[in-house]
Amino acid sequence: TTPQRLRRTFTIMQLRRPLLVVVVVVMIALVATTSVAAAGEPVKDGKDPLRPASLHLYLAMSGIDALQAAVDPLLVKAILSTPIPDIHVSALGINVYVTNISISSFSLGNEAVVLTAPDLLTVQSSDLTALATMNWRYHDLLIDIHGTASDTIAKTSLNLLISIDASQGHLSMGVQKCDVSIGDFHIEIDGGHGGIYQTIVDMLSGPLKSAFEDEIESVMKDQLTDLFNTWLPRVPVSFPLLNGSLTLDYALINASAVHALAGKECSENDFNGHCDPELRREFSFELDAYHSLDVSGLFQLDVNTTLQMQVHYKQRYELDIAGVSIGSLEPHNPGMCWPEYNTQTTPPINIVAGQAYPIRLRYQSGCGGGFVEVRTCFNGQPCTVLDARNVSTGPASDYPLTIDAQWIGVSSGAEFFSSAAPTECPAPHVPLPPSLPLSFNQSQHQMAIYLDPFLLTSSLYAAAQAGILSSNLTQDNLPEPLQKYIQLNTTAFRFILPELYLKFPNDAMRVIIEPTVVENVTCVETIGLIGGLSFVVYVNVIVEGEDVPALRLSMDLAMGGFADLSRTDRLIGQISSLNVSFGLEWSIVPVLNVSGLNPWLQAIIDDVILPLLNSEFADGWPLPMPPGLALVNTSVDYSQGFISILAAVEADPSLLLRTSRSHGNGDGDSRSAFLSQTAAAARKARFMMLQRQQEHEESEKRLKMERERERPAEKEESESLRSRHHEQVERQAQRRPVQRVRPAL
């Protein structure tokens with residue numbers, strides 16, 4: 001994005017309400033912009049379903065590990081609380097019954113999380129352990145005995161496959177597969193050894209082992225499904241502001257393209273017969289005998305490179321990419337049979353970063369089924385299977401969900417709208433990073449949020465569309481904090497507008513304010529965020545109940561602000577500068593110097609409006625996050641043209657446990673101890689959060705006392721900052737004409 005595009009302005013019309021709201025809307029935008037997009041309503045009215053992303057969120061592997069550590073106690077609690085069904089085994093007149101089977105200890109061991117493009121998360125462990133107790137009874141024609149026993153489970157593997165989807169504008173997760181395989185299983189019968197007891201062990205080992213595997217799989221799958229269905233929907237769909245006048249829509253982008261090749265799979269190997277639509281995301285696959293596949297799309301990389309495409313196959317195929325073709329197809333041959341495996345490679349292909357190249361794969365299966373694997377070979381490196389992230393069904397600059405080996409990313413078309421009449425903001429977008437940078441320090445931060453300043457610009461545009469930025473002021477409806485500074489009658493303005501006072505002595509006045517231009521909000525490294533609004537101001541004198549037009553002024557408002565995430569669950573916004581300037585457009589009487597209004601109104605802004613607004617937002621704005629999560633160790637940066645927020649994720653297991661249903665009541669000393677430990681951990685986490693909050697408040701009090709002692713120097717510094725900021729905005733304004741709507745009187 002060029003500076004010229006960033007400085008582009010656009011015209012707005014239709015407006016009403018008090019001037020004080022101008023800055024309020026800016027601050028609301030500042031404190032609401034890090035909200036994580038998670039769900040969206042159906043597109044309607046003036047919303048563009050394919051609007052670009054204005055928010056990227058990346059959760060690094062370290063953040064995923066933190067969430068996993070918070071979810072593990074939930075799974076352990078559910079497994080400990082679930083009784084195992086009774087078992088009856090009989091053979092050759094012998095009956096063995098097992099009742100009151102209860103898992104008393106369970107550990108998930110050392111888990112490993114693996115991310116696989118385009119939409120899979122796998123949790124693996126090979127050292128699950130558990131202890132269980134049970135009652136048993138043995139009887140045959142002669143013997144009837146009973147007792148207790150314990151079971152030891154060790155060297156047990158877990159393979160948990162979770163799918164992640166963002167195809168409907170919101171993030172959703174589901175358990176595709178949960179496999180538990182017990183390695184070592186040992187039954188210890190209390191107080192008994194010998195032939196009969198060994199018979200009991202032999203008869204129970206297989207059924208008990210299967211029962212434990214099935215129950216652990218079922219509980220984990222059900223508990224995670226409950227969590228996903230309860231936790232994710234609790235992220236707000238949209239965020240209403242200003243009594244519902246504005247809406248911040250968090251929907252993930254609804255990209256028309258996905259990471260895949262699209263086409264058809266047919267029941268006959270000449271691409272005829274019954275054909276079903278196919279969306280191919282994996283490029284090492286088998287195909288049913290005598291079927292055919294035809295998929296195509298675009299191939300794109302983000303680096304300049306030279307590569308070769310390689311196909312390992314049996315039967316027949318043809319691959320076309322970037323004008324290069326390899327392989328050959330078979331004419332119609334119902335009995336085709338080429339079972340030998342072959343490998344073919346294209347000549348080197350020069351790839352330009354960002355350019356999309358057509359790619360098409362056609363494959364014919366024959367006797368015994370088919371197999372094909374498409375590979376990419378980069379600069380002499382070993383060939384690897386084609387990555388779905390490098391292909392798409394159509395042109396797209398962004399995707400709602402992206403999964404890399406080290407992070408998960410989501411993209412939101414977050415935008416402010418007028419609730420009554422949603423309309424797309426025409427301001428330009430700033431490109432956001434398409435991935436988590438290599439410089440991201442996972443030992444310090446676990447999440448990155450990138451915000452396009454377009455989001456803030458859209459808040460002002462939406463406020464204008466909703467009629468929030470207009471005012472019709474008389475002395476009767478003047479906001480109370482301003483009444484001791486402003487009297488809306490000609491007498492109060494006799495020194496600034498003496499000719500107006502002479503023509504209309506001591507008459508009431510009406511001020512009508514309507515915005516004309518919204519400047520694009522931009523990021524400035526040394527300031528934070530800057531933006532501007534231009535207004536037309538109509539000044540009428542009320543003579544015998546009738547309005548007499550007296551003045552038409554132009555008013556430019558330049559604003560600067562920043563965001564702070566010093567609290568774990570709230571975003572703090574502050575206005576650093578708010579400067580105003582007037583210009584005369586028309587007057588019924590001679591006006592020598594309308595700029596005399598500038599210092600008078602600037603003093604009101606400095607002494608009344610700025611402290612009022614900053615005190616209102618000192619408590620911050622709650623972030624729309626799922627329960628149990630907080631952002632800590634945060635930092636905000638404006639140096640790259642967009643807002644970059646880095647944070648660590650802190651999860652409270654006790655809050656996560658409340659989001660899902662419990663599985664049975666359970667009892668036993670070990671479960672009680674576990675619950676007691678979980679509660680203690682939760683209390684400790686809450687104590688630490690309250691302690692940080694108290695330290696923050698004490699620091700603020702000390703800072704406030706120091707500021708009061710150094711108030712003269714601080715005021716001088718503040719005036720210097722505002723002066724530099726205003727000069728910067730004026731220099732930008734001088735580079736291009738400001739477009740305004742000049743309504744006729």
Side-chain angles (χ1 to χ4, degrees), residues 11-25 242-243 245 463-518 533-557 578-610 612-613 740-745:
T11 306
I12 57 175
M13 296 180 290
Q14 294 184 335
L15 312 152
R16 295 181 182 98
R17 289 202 205 175
L19 173 63
L20 186 63
V21 180
V22 172
V23 188
V24 174
V25 171
L242 295 181
N243 297 321
S245 299
Q465 296 295 317
I468 295 174
L469 301 186
S470 293
S471 304
N472 189 330
L473 301 175
T474 63
Q475 189 63 37
D476 294 336
N477 65 0
L478 197 65
E480 185 176 350
L482 301 179
Q483 289 183 4
K484 67 177 182 179
Y485 291 88
I486 300 175
Q487 297 294 318
L488 287 182
N489 59 62
T490 56
T491 302
F493 289 85
R494 64 186 182 277
F495 298 114
I496 299 176
L497 302 170
E499 296 294 335
L500 184 64
Y501 171 71
L502 292 176
K503 187 174 182 64
F504 303 100
N506 201 32
D507 281 327
M509 300 170 65
R510 182 190 307 276
V511 177
I512 301 172
I513 304 172
E514 295 183 353
T516 56
V517 174
V518 172
L533 292 165
S534 295
F535 298 83
V536 59
V537 181
Y538 300 98
V539 180
N540 296 344
V541 178
I542 304 175
V543 180
E544 297 180 355
E546 297 291 332
D547 280 40
V548 178
L551 296 168
R552 185 172 76 239
L553 307 172
S554 63
M555 181 175 71
D556 295 325
L557 195 65
L578 182 60
N579 301 323
V580 66
S581 61
F582 281 95
L584 178 65
E585 294 190 351
W586 175 85
S587 175
I588 196 174
V589 296
V591 177
L592 295 178
N593 185 16
V594 74
S595 62
L597 293 170
N598 294 344
W600 167 73
L601 187 54
Q602 190 66 56
I604 297 175
I605 290 175
D606 293 343
D607 296 339
V608 181
I609 297 179
L610 262 178
L612 176 64
L613 291 174
R740 290 191 175 90
V741 175
R742 302 177 183 272
L745 289 173

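For the atom pair CG of N540 and OG1 of T474, the computed distance is 11.5 Å after rounding to the nearest 0.5 Å. The CZ atom of F582 sits 9.5 Å away from the CG atom of L557 when rounded to the nearest 0.5 Å. Atom-to-atom distance recorded for L488:CG and Q483:CD is 9.5 Å, nearest 0.5 angstrom. Rounded to the nearest 0.5 angstrom, L553 CG and L584 CG are separated by 6.0 Å. Of the inter-residue distances, the one linking I588 atom CD1 with L500 atom CG reads 8.5 Å to the nearest 0.5 angstrom. Put simply, CG on L469 and CD1 on I513 are 10.5 Å apart, with the number rounded to the nearest 0.5 Å.
T490 places none of its side-chain heavy atoms less than 4.5 Å from the side chain of L497.
The backbone N or O of I542 lies less than 3.5 Å from no partner atom in the side chain of E546, so there is not a single donor-acceptor pair. Without hydrogens or angle criteria, T516 side chain to S534 main chain gives a donor-acceptor distance under 3.5 Å. Of the possible donor and acceptor atoms, none in the side chain of D606 sits under 3.5 Å from a partner among the backbone N and O of A603.
More than 12 non-hydrogen atoms from other residues, nucleotides or ligands lie less than 6.0 angstrom from CG of N477.
Closest approach of S245 and A466 over heavy atoms only: O-CB, 4.0 Å. Residues F535 and L533 come closest through the heavy atom pair CE1-CB, 3.5 Å. The two atoms that bring F493 and Q487 nearest to each other are CE1-O, 3.5 Å, heavy atoms only.
Sorted by first then second residue, the salt bridge (Lys or Arg N to Asp or Glu O under 4.0 Å) pairs that include residues 490-511, not counting sequence neighbours, are R510-D547.
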side-chain contact (heavy atoms from CB on, under 4.5 Å) evaluation trace for F504 with M509: CA-CA 10 Å; F504 303 100; M509 300 170 65; over 6 Å; no
